[in-house]
Amino acid sequence: MTKQMDQNRARTIAHMLLQINAVTLRPNHPFTWTSGIKSPIYCDNRLTMAYPQVRDFIAEGFVDLIHREWGQVDVVAGTATAGIPHAAFVSQKMFLPMAYIRSSAKGHGKENLIEGRIRAGQRVVVIEDLVSTGGSSVKAAQAVQEIGGIVAGVAAIFTYGFEKAAKTFAEAGIPLRTLTSYEVLLQVALANGSISETEVELLASWRKDPEHWEPTA
Ligand SMILES: O=P(O)(O)OC[C@H]1O[C@H](OP(=O)(O)OP(=O)(O)O)[C@H](O)[C@@H]1O
Ligand SMILES: O=C(O)c1cc(=O)[nH]c(=O)[nH]1
């Protein structure tokens with residue numbers, strides 16, 4: 001697959017996310033992200049589950065990306081919760097074992113952190129729906145490493161492309177590859193009129209320092 005085809009796929013997925021209203025702008029009533037960051041934008045990739053054509057395009061994208069970037073893998077592992085359905089779709093397409101990683105170990109039953117089966121020495125691709133700071137996916141990948149799995153990389157649908165995430169992945173020595181990004185989403189949204197120039201400016205001011213951004217009254 002060429003760079004141009006990657007770009008086309010990134011644009012198509014961004015377009016699909018906009019079309020299914022997965023992206024919400026709420027500058028006056030910011031979203032609180034899992035990291036605690038307050039944000040005027042939220043990308044709800046969970047909605048892709050509701051659209052077979054969209055989720056299938058994403059799954060095909062993941063299969064292509066995994067083959068190309070990491071070759072043979074043994075297990076497809078989803079991050080709880082939003083990565084789990086995509087790991088299921090991908091593992092079915094690749095006819096590979098699937099697992100998922102909880103955000104914390106279960107408090108009863110077998111008290112597992114990882115469900116399914118990952119054996120020491122197996123090559124695992126971790127499937128995530130979205131990367132903001134990268135904290136959740138790196139934690140999940142490290143849980144796989146702790147039981148002896150070899151993490152080929154994390155594959156996510158979307159990244160905000162923050163420096164902080166790049167640093168987190170680099171420090172953990174875990175590769176991250178994504179199907180689309182915030183940058184592409186904004187380009188597509190602006191081109192098709194989903195967002196205005198004013199909203200782009202607001203997003204740009206937030207993007208400069210998301211951890212300290214305050215909504216204007
Ligand atoms: O890169 P990060 O800063 O860690 O943020 C991204 C994570 O946040 C969301 O999950 P959330 O915690 O909302 O839980 P969910 O998957 O159960 O919906 C998303 O699905 C990622 O897992
Ligand atoms: O960081 C998050 O919690 C987050 C951001 C976002 O845009 N979408 C999402 O599902 N989670």
Side-chain angles (χ1 to χ4, degrees), residues 10-11 13-51 54 58 78-87 100-105 113 126-143 154-172 174 176-217:
R11 277 187 223 282
I13 293 175
H15 184 76
M16 286 171 160
L17 293 176
L18 291 164
Q19 223 173 14
I20 65 169
N21 291 320
V23 183
T24 310
L25 293 186
R26 222 173 60 185
N28 300 323
H29 180 204
F31 295 97
T32 303
W33 283 359
T34 194
S35 55
I37 289 176
K38 300 279 182 205
S39 167
I41 181 169
Y42 198 79
C43 185
D44 187 358
N45 292 338
R46 300 160 195 85
L47 286 167
T48 61
M49 281 189 289
Y51 299 87
V54 174
I58 288 169
T79 57
T81 58
I84 295 174
H86 299 287
Y100 66 85
I101 308 132
R102 296 176 178 275
S103 47
S104 57
L113 177 59
V126 174
I127 302 282
E128 173 65 284
D129 75 311
L130 176 139
V131 171
S132 301
T133 65
S136 310
S137 17
V138 165
K139 188 172 155 218
Q142 286 173 335
V154 172
I157 300 171
F158 180 93
T159 178
Y160 280 94
F162 293 141
E163 256 318 294
K164 182 173 181 158
K167 195 161 172 266
T168 301
F169 277 94
E171 281 173 3
I174 295 165
L176 168 69
R177 298 289 181 273
T178 67
L179 296 177
T180 192
S181 67
Y182 175 75
E183 201 191 342
V184 174
L185 181 78
L186 283 202
Q187 283 167 12
V188 172
L190 197 55
N192 73 11
S194 304
I195 55 170
S196 65
E197 290 285 356
T198 316
E199 286 168 327
V200 170
E201 276 166 34
L202 177 121
L203 288 170
S205 88
W206 162 79
R207 186 70 172 62
K208 275 186 208 142
D209 189 7
E211 273 155 312
H212 302 102
W213 175 80
E214 297 277 348
T216 46

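Treat the numbers as computed from the prediction; the structure is a model and nothing was measured. Quick note: residue numbers are just sequence positions, from 1. Both backbone and side-chain heavy atoms feed into the values below; hydrogens, waters and symmetry mates do not.
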Smallest separation among heavy atoms of [X] and [Y], with atom names:
X	Y	value
Val131	Ala165	CG1-CB, 4.0 Å
Ile174	Ala141	CD1-CB, 3.5 Å
Gly161	Arg207	O-NH2, 3.2 Å
Ala143	Leu113	CB-CD2, 3.7 Å
Thr79	Ala140	CG2-CB, 3.6 Å

Which distance, rounded to the nearest 0.5 Å, do you find between the [atom1] of [X] and the [atom2] of [Y]?
X	Y	atom1	atom2	result
Ile84	Met49	CD1	CE	10.0 Å
Ile41	Thr24	CD1	OG1	8.5 Å
Arg102	Lys139	CZ	NZ	12.5 Å
Thr180	Met16	OG1	CE	11.5 Å
Leu202	Trp213	CG	CH2	5.5 Å
Leu18	Ile195	CG	CD1	8.0 Å

Subject >> Polar side-chain atom of Trp206 near backbone of Lys38 as donor-acceptor pair, under 3.5 Å >> reply: yes

**OP:** State whether the side chain of Asn45 and the backbone N or O of Asp129 hold a donor-acceptor pair below 3.5 Å, judged by distance alone.
**Re:** yes

Original post:
Stepwise, does the side-chain contact (heavy atoms from CB on, under 4.5 Å) test hold for Ser136 with Thr34?
Top reply: CA-CA 9 Å; Ser136 310; Thr34 194; 4.0 Å; yes

Original post:
Run the side-chain contact (heavy atoms from CB on, under 4.5 Å) check on Cys43 and Leu17 step by step: do they pass?
Top reply: CA-CA 8 Å; Cys43 185; Leu17 293 176; 4.1 Å; yes

Original post:
Does any non-hydrogen side-chain atom of Tyr51 lie less than 4.5 Å from one of Gln19?
Top reply: no

**OP:** Begin from the C-alpha positions of Leu47 and Asn21 and carry the test side-chain contact (heavy atoms from CB on, under 4.5 Å) through to its verdict.
**Re:** CA-CA 8 Å; Leu47 286 167; Asn21 291 320; 5.6 Å; no

**OP:** Please test Thr133 against Trp33 for side-chain contact (heavy atoms from CB on, under 4.5 Å), starting from the C-alpha separation and ending with a verdict.
**Re:** CA-CA 10 Å; Thr133 65; Trp33 283 359; 5.8 Å; no

**OP:** Measure up the Phe162 and Tyr160 rings against each other and bin them: parallel (under 30°), tilted (30 to 60°), perpendicular (over 60°).
**Re:** parallel

Original post:
Does the ring of Tyr42 carry Arg26 above it, NZ/CZ under 6.0 angstrom from centre and within 45° of its axis?
Top reply: no

Subject >> Matching residue for Pro215 among Pro27, Pro40, Pro30 - test: side-chain contact (heavy atoms from CB on, under 4.5 Å) >> reply: Pro30

**OP:** State whether the number of non-hydrogen atoms from other residues, nucleotides or ligands found under 6.0 Å of Gln142 atom CD is greater than 12.
**Re:** yes

